[in-house]
Amino acid sequence: MKFSKSYEPGEYEADIYAAWEASGIFNPKLATKPTDNNSDGIDDRTRNIEKTYSIVMPPPNANGNLHIGHGLTIALEDSLTRYHRLKGDSTWYIPGADHAGFETWVVYERELEKKGHTRFEYDRDELYSRVWDFVADQRGNMELQLRALGASCAWDDLTFTLDENVIDRVYTTFEKMWNDGMIYRGKKLVNYCTKHRTAFADIEVDYKEEKTPLYYIKYGPFTLATTRPETKFGDTAVAVNPNDERYQEWIGKTITVEGVNGPFQVEVIADEMVDMEFGTGVVKITPAHDFNDWEAGQRHNLRVVQVIDETGHLTEVAGRFAGMTVEEGRKAVVKEMEKMGLIIKVDNNYVNKVPHCYKCGTVIEPMLKEQWFIDVKKLADVAISHLENNEINFHPTNKKTVLINYLKNLKDWNISRQIPWGIAIPMFKKADDSATDEPDWIFDRRTNLKEIEKAGVKYVRDEDTFDTWFSSSHWPIVCTDWTEENFNPYYPLNVMETGADILFAWVARMIMMGLYVTGEVPFKDVYLHGLVLDAQGKKMSKSKGNVINPMDLVTKYGSDAFRIGILKGRSAGMNQAFSENSVIAGRNLCNKLWNISRLVQSIVDEGEFMGATSSPYTTDNMGEDWICREINDCISKVEADIENYRFAEATETLYQTIWDKYADWFLESQKIYKNYSLLKITLESLLIALHPFAPFVTEAIWQNLSWTEGFIATTNWPSSLKFDPISAEEFENIRNIVSEARTTLASLPGTNNAKKYGLLYDNDSLIEENQLLIKALSKVPTINNLNGSPRGLRLALANHELYLDVPEKVVKDYKDALTDKILAVGRELDALNARLMNPNYVDKAPAHLVKETRDGVKEKEALISRLKNQLELI
RNA sequence: GGGGAUUUAGCUCAGUUGGCUAGAGCGUACGAUUCACAUUCGUAAGGUCACAGGUUCAAGCCCUGUAAUCCCCACCA
């Protein structure tokens, strides 16, 4: 006996994973790269494979640990992967690791600061190689954790986001875009973090509601409201709404404003952007530090005066305030203005949405910077047309609409970051102004060189790096080694599974880039998962202290328990609560399955000892037909559920079938009638069907049983079992009889009733033939033919004569319960009759429903008459 | 301002093209114990399906409206 009394995941998981990995079963059956140089470029092996299944892992941070969201990701993706592997597809689950540009940079910079250094002491190449070493030191944790979660990915094909082929591909795309005129260098307002000294894309900015004092200040002839008095030094106009009657006379005039550094003059402009209702309907325009003002400045050709520098301090235009931080400057300016009587009033209850750096919380300043931009119009339009053409199926479906809506309003994408940790932008700027015929900027891949020479002209490297999303948007392309030259059977991916929170940042960009580079959508399906919330439905966060570490749960309950637990009750795209209880339920299922296998093996061993096993199986009684039917139903439902990404339903179905049907009814019946071959094949079917969700316990059992060669992980998905449907349906009668006996026994006064009273049947062939089974399942001591006039308590069964052999006194005590039962059945009968009285129902409802209703009436009537009969006897 | 969702048992959630008596897990109550499993077995209680209308023979599901909760985008100088 290889089965211990309970399943101990810790004893099996590591060994099983190592055995899988060593055997190479995680690699796709079909070569991933065409090796033959046939005329059409297609590998011979490609031709023979019917189906491929490819899925990529959203790359976890290379130097981080996995969090609960990764746990969910792996549970989802690996279940899909294992299912398709069992289905016989050439399955390729490609793992990845993310250099996580800014995230990692922030961690590294913090380390640097702890040691009393700053990034500005080193050049980019030096910093890059230092971070590289830093990441290399930290790396590996997450890979071990992925293994612990059971991720059946092809480790040999792991893609790191800074791998050479990734950089190559990114440069190729960039070059193509540059040549296509889609890349431009622009001096525009960008979101800028003065702590990290880098620009951000719009999606990286975190807006928070804050109370910001709203100052009503005297501004020439006007009073205007502003939250940013310190930017006054950069004001180059003052604006009113062209329809505002209050200010008509001023439009176009130049006014003199009393300032803290003395008077200055600005022009009054009229612009639709001004909301007449807000404040006084007058706005000061600071084009260098506000997005709206910038646009107004473009419209009216205003001067741009920079007030805040890259370090977050006021520039020399602030005069005696220069050198102060923004915050200090604001206070000082307000104080001075108060002194001068320029502050009319202050609204301290004004709530403003303030942009923050999503990493350090520093207030983001709109800053005028030269950056590389992608003109996204064409990319977005192409993506929209393919989306509208339904080339990608979304789960949940509504995300497609959301995505299209986003793409329609997408602004040009700033891809420059001023941090060293990332892929260098392959652009060089002309250093020699005298070479007027040469272009100012040229593309070149030699980013390892600080200077290059071309046509005798010297060019200097741009020191910026790419936004990580620019390279990440190539993920399906680079992971599958897609090339222009060869047909790639793994591209497009079958599915992209990732978090709903990065629909815009990542999914949208993968679609645009996939189409731009390959002409095809990069994946056929998108499955988006929501956030994993804590048991109270609150977001997990370090500060709240409610973070659940997936590895703790894996250690405590096992990998399978975690996987089943986190999939429980989860549906696409929704933020949903998660608690240890669901993992406990998963652990219990694993243990149940273990003990089921333990019992089945002991029965089969006994059969083999007696030489009784035979193959193929036959079904010899109705319980056996029934379980075949139930398993078939279960497996086809699981197939449909997985193919439609209904993970919770799939695990739920398996849970019910294994526990409530296989263990509670079939195995109990097999204690009476043993069918060794059928026990084997049914157990194997259930093990295989559960394997995608619980890979370790099913493999551990499979190996312990050792009935079938090889791993369960690479066996064949179960085929349907043969059975007699009529016999299977008959078994439902047995289940009803047993349930009714149990219910009645439990409702009788006293305890241990099942041991006290036997069953009596009255010439009923179904009961007679299955009396041993009924006796065993209901746990009564005896079951006999009545042989005489009825006695005891009649069970509430419409089509069977069955009595509990209880004394007269107990029957009398049961009288009230019996009356209640008759009334309850009567109510049900009335409801059915009412339906039949409605001529519209009889005419319009489908015939089979009407028939069912009629049958129901007959059945209830029979039941009532039997129960009434009993009542009269009492 | 624009968009997307959610609301079903004490809790977390299912409920696929409308179909009869709305399900599960956990929790609760009562009972069981050598014989695979107390990580077990049996039984039960617990629901005006957010609210109001409408369509239909029939509505948790479809339509209209209301309320509450949540998320995303834009944005308030």
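The sequence lines fix the lettering, A, B, ..., with proteins before strands; numbering per chain opens at 1. Keep in mind that what you see is a predicted model, and the values were worked out from it rather than measured.
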Distance in Å, A:Tyr358 OH paired with A:Asn191 CG, rounded so as to fall on 0.5 Å steps | 12.0 Å
Report which part of the nucleic acid A:Phe504 touches: base, sugar-phosphate, or nothing (heavy-atom distance under 4.0 Å, all strands).
-> sugar-phosphate
Whole-Å gap separating C1' (B:A44) and CG (A:Asn753) | 15 Å
Counting any heavy atom closer than 4.0 Å, what does A:Arg570 reach on the DNA or RNA strands: base, sugar-phosphate only, or nothing?
-> nothing
A:Asn588 side chain: which of B:C57, B:U39, B:C76 is closest?
-> B:U39
On a whole-Å scale, what distance lies between the C1' atoms belonging to B:C41 and B:U56?
-> 46 Å
Salt bridge (charged side-chain N to carboxylate O under 4.0 Å, His left out) evaluation trace for A:Glu740 with A:Lys821 = CA-CA 12 Å; A:Glu740 187 57 31; A:Lys821 187 123 202 170; 3.5 Å; yes
Whole-Å distance separating the CG atom of A:Leu533 from the C1' atom of B:U12 | 11 Å
What integer number of Å spans the C1' atoms of B:A59 and B:G15?
-> 14 Å
Aromatic contact, A:Phe278 with A:Tyr350 (centres under 6.0 Å) | yes
Could you check whether the rings of A:Trp469 and A:Trp506 sit parallel, tilted or perpendicular, using 30° and 60° as the cut-offs?
-> tilted
Could you list all N or O pairs between the protein and nucleotides 1-4 of chain B that sit under 3.5 Å apart?
from, atom 1, to, atom 2, distance (Å)
B:G4, O3', A:Asn398, ND2, 3.1
B:G4, O2', A:Asn398, ND2, 2.6

Side chain of A:Met574 - closest among B:A5, B:U43, B:U39 = B:A5
Is the phosphate of B:U40, meaning OP1 or OP2, less than 4.0 Å from a side-chain N or O of A:Arg598?
-> no
Between A:Gln576 and B:C11, does any side-chain N or O lie under 4.0 Å from OP1 or OP2?
-> no
OP1, OP2 of B:A77 versus side-chain N and O of A:Tyr350: anything below 4.0 Å?
-> yes
Base, sugar-phosphate, or nothing: which does A:Asn644 touch, judged by heavy atoms less than 4.0 Å apart?
-> nothing
The residue, A:Leu849 or A:Gln536, whose nearest nucleotide of RNA chain B is more 5′ is A:Gln536
A:Leu599 side chain, from C-beta outward: closest of B:A36, B:G19, B:C41 = B:A36
Short side-chain N/O contact from A:Lys844 to OP1 or OP2 of B:G18, under 4.0 Å = no
Should A:Lys232 and A:Glu230 be marked as a salt bridge (charged side-chain N to carboxylate O under 4.0 Å, His left out) after you check the CA-CA gap, both sets of side-chain angles, and the distance that decides it?
-> CA-CA 5 Å; A:Lys232 202 174 166 185; A:Glu230 75 281 5; over 6 Å; no
Any side-chain N or O of A:Ser571 under 4.0 Å from OP1/OP2 of B:A14?
-> yes
With the side chain of A:Ser6 defined as its heavy atoms from C-beta on, choose the nearest nucleotide among B:C75, B:U39, B:G42.
-> B:U39
Using a cut-off of 6.0 Å, state whether more than 12 heavy atoms not belonging to A:Glu277 lie near its atom CD.
-> no
How does RNA chain B read in dot-bracket, base by base from 5' to 3', with Watson-Crick or G-U pairs under 3.5 Å and | used when the partner is on another strand?
-> (((((((..((((.....[...)))).(((((.......))))).....(((((..]....))))))))))))....
If we take the C1' atom in both B:C61 and B:A50, what is their distance in whole Å?
-> 15 Å
On a plain distance test, is the side chain of A:Lys860 in donor-acceptor contact with the base of B:U21 below 3.5 Å?
-> yes
Plane angle bin for A:His395 and A:Tyr645 - parallel if under 30°, tilted between 30 and 60°, otherwise perpendicular | tilted
Closest of B:U43, B:U39, B:A77 to the A:Asn591 side chain is B:U39
Reckon A:Lys637 has a side-chain N or O less than 4.0 Å from the OP1 or OP2 of B:A14?
-> no
So, is A:Asn575 near the phosphate of B:C70, with a side-chain N or O under 4.0 Å from OP1 or OP2?
-> no
How would you label the contact of A:Pro839 with the nucleic acid (heavy atoms, under 4.0 Å): base, sugar-phosphate, or nothing?
-> nothing
What interatomic distance, in whole Å, is found between P of B:C11 and the corresponding atom of B:U16?
-> 23 Å
What does A:Lys538 touch in the nucleic acid at a heavy-atom separation under 4.0 angstrom: a base, only the sugar-phosphate, or nothing?
-> nothing
How would you label the contact of A:Thr226 with the nucleic acid (heavy atoms, under 4.0 Å): base, sugar-phosphate, or nothing?
-> sugar-phosphate
Taking atom P in both B:U64 and B:U12, what distance in whole Å separates the two?
-> 29 Å
Go through the steps to decide whether A:Asp641 and A:Lys637 satisfy the test salt bridge (charged side-chain N to carboxylate O under 4.0 Å, His left out), and finish with yes or no.
-> CA-CA 6 Å; A:Asp641 284 340; A:Lys637 188 165 180 314; 2.9 Å; yes
Would you indicate which nucleotide in B:C37, B:C75, B:C76 comes nearest to any side-chain atom of A:Tyr207?
-> B:C75
Check: A:Glu668 side chain, B:A36 base, donor-acceptor under 3.5 Å | yes
Calculate the interatomic distance between A:Gln601 atom CD and B:A36 atom P; express it in whole Å.
-> 14 Å
Scan nucleotides 8-10 of chain B against the protein and return all N/O pairs shorter than 3.5 Å with their distances rounded to 0.1 Å.
none

Counting heavy atoms from C-beta on, name the nucleotide in B:C57, B:U43, B:U12 closest to the side chain of A:Ala577.
-> B:U12
Length of the CZ-P vector between A:Arg587 and B:C26, whole Å = 11 Å
By nearest-nucleotide position on RNA chain B, the 5'-leaning member of A:Glu652 and A:Thr743 is A:Glu652
When you compare B:G23 with B:G47, how far apart are their C1' atoms, in angstrom units rounded to a whole number?
-> 11 Å
Atom-pair distance (CG on A:Asn595; P on B:C35), nearest Å | 11 Å
Length of the line joining A:Leu748:CG and B:G42:P, which is rounded to integer Å = 19 Å
Integer-rounded Å distance: B:A5 P and A:Leu403 CG | 14 Å
A:Thr751, nearest nucleotide to its side chain (from B:G31, B:G15, B:A36) | B:G31
B:A58 and B:G18, which share atom name P, separated by this distance in whole Å | 15 Å
Tell me whether the OP1 or OP2 atom of B:C41 has a side-chain N or O from A:Trp659 closer than 4.0 Å.
-> yes
Rounded off to whole Å, could you give me the NE2-to-P distance for the A:His395 and B:A5 pair?
-> 15 Å
Measuring from A:Leu690:CG to A:Phe693:CZ, what's the distance to the nearest 0.5 Å?
-> 8.0 Å
Between B:C62 and B:G19, how far apart are the C1' atoms? Round to whole Å, please.
-> 15 Å
Geometric class of the A:Phe562/A:Phe578 ring pair [parallel <30°, tilted 30-60°, perpendicular >60°] = perpendicular
The reported gap from CZ in A:Arg646 to CG in A:Leu567 (rounded to nearest 0.5 angstrom) is 14.5 Å
